[in-house]
Amino acid sequence: MTYSVGVEYALHCLVYLIDVPSKEPIGIKDLSEFQGLSETFLSKVFGKLSKAGIVSSVPGVKGGYTLAKSPEEISFWDVVEAVEGPKPIFQCKNVIKNGILYRDQDCSSCPASSSSCRINLVMLDAEEQMREFLRNKTLAWLNKELDRDLSKEIRKDTREYFNKKSSN
């Protein structure tokens, strides 16, 4: 199981939007420059975040993005689902139907559907537990953790970078 790097970039960029003075928008150009990635890639990620209601787009020369909700209301799962989409990680293909005991029989004699397949049920339960864990981790939580994990200088320099960019 892997999530695309878009999830990671999204979470990093969303944290930067927390401390912008007066909730000034930050442009994709500035966010992509700071992260060292293409504007096109990050624009696609932010398009998904905008569609999910996580960020708001501000048009114009001084435009960009702001958080559409408070950091306490945006969970890791919200970001994962916005970037990756809602489909489950495990997608039961009911492979037992290909087994030698069922191969030549009509489907009425096949085991129950994927909705009651024990393997599928376990995998979906595991995914739900992961989703619940990620729903309990918010941008506000991440921001506090970064204050604890990163040096004050790095946090200050990051904030100053975006504060300067938003005031230009």
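Quantities reported herein were computed from a predicted structural model and do not represent experimental measurements.
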**Message:** Which label fits Phe76 and Trp141: parallel for a plane angle under 30°, tilted from 30 to 60°, or perpendicular past 60°?
**Reply:** perpendicular
**Prompt:** So if you build clusters from Ile, Leu, Val, Met, Phe, Trp, Tyr with side-chain heavy-atom gaps below 4.5 Å, do Leu42 and Ile18 land together?
**Reply:** yes
**Prompt:** What are the two closest heavy atoms between Ala52 and Ala82, and how far apart are they?
**Reply:** CB-CB, 3.5 Å
**Item:** pair Ser4-Glu84: side-chain heavy atoms closer than 4.5 Å
**Value:** yes
**Prompt:** What pair of heavy atoms forms the shortest contact from Ala68 to Ser56, and how long is it?
**Reply:** CB-OG, 3.4 Å
**Item:** Smallest separation among heavy atoms of Ala10 and Val79, with atom names
**Value:** CB-CG1, 3.7 Å
**Prompt:** Less than 4.5 Å apart, any side-chain heavy atom of Tyr16 and any of Tyr161?
**Reply:** no
**Prompt:** Are more than 12 heavy atoms from other residues, nucleotides or ligands located less than 6.0 Å from atom CD1 of Ile119?
**Reply:** no
**Request:** Please report the shortest heavy-atom distance between Arg155 and Val15, naming the atom on each side.
**Result:** NH1-CG1, 3.9 Å
**Asked** So Phe46 and Tyr65, would you call those rings parallel, tilted or perpendicular, with 30° and 60° as cut-offs?
**Response** tilted
**Prompt:** How about Asp19 and Thr158: do any of their side-chain heavy atoms sit closer than 4.5 Å?
**Reply:** no
**Asked** Would you say Val5 and Leu37 make side-chain contact, with heavy atoms under 4.5 Å?
**Response** no
**Request:** Report yes if the side chains of Lys48 and Lys44 come closer than 4.5 Å at any heavy-atom pair, otherwise no.
**Result:** no
**Prompt:** Would you call Leu31 and Tyr9 a side-chain contact if the rule is heavy atoms closer than 4.5 Å?
**Reply:** no
**Request:** For the residue pair Glu153 and Ser151, confirm or rule out a side-chain donor-acceptor distance under 3.5 Å.
**Result:** no
**Asked** Considering residues, nucleotides and ligands other than Lys69, do more than 12 of their heavy atoms fall under 6.0 Å from its NZ?
**Response** yes
**Asked** Considering all heavy atoms of both residues, which atom of Pro71 and which atom of Thr138 are nearest to each other, and what is their separation?
**Response** O-CB, 3.5 Å
**Fill in**
For Leu11 and Leu142 the tightest heavy-atom approach is O-CD2, 4.2 Å
**Request:** Answer yes or no: is there a side-chain heavy-atom contact under 4.5 Å between Arg131 and Glu128?
**Result:** yes
**Request:** Establish whether Leu49 and Leu134 are linked, either directly or via other cluster members, by ILVMFWY side-chain heavy-atom contacts under 4.5 Å.
**Result:** yes
**Asked** Is Glu132 close to Gln129 at the side-chain level, that is, under 4.5 Å between some pair of heavy atoms?
**Response** no
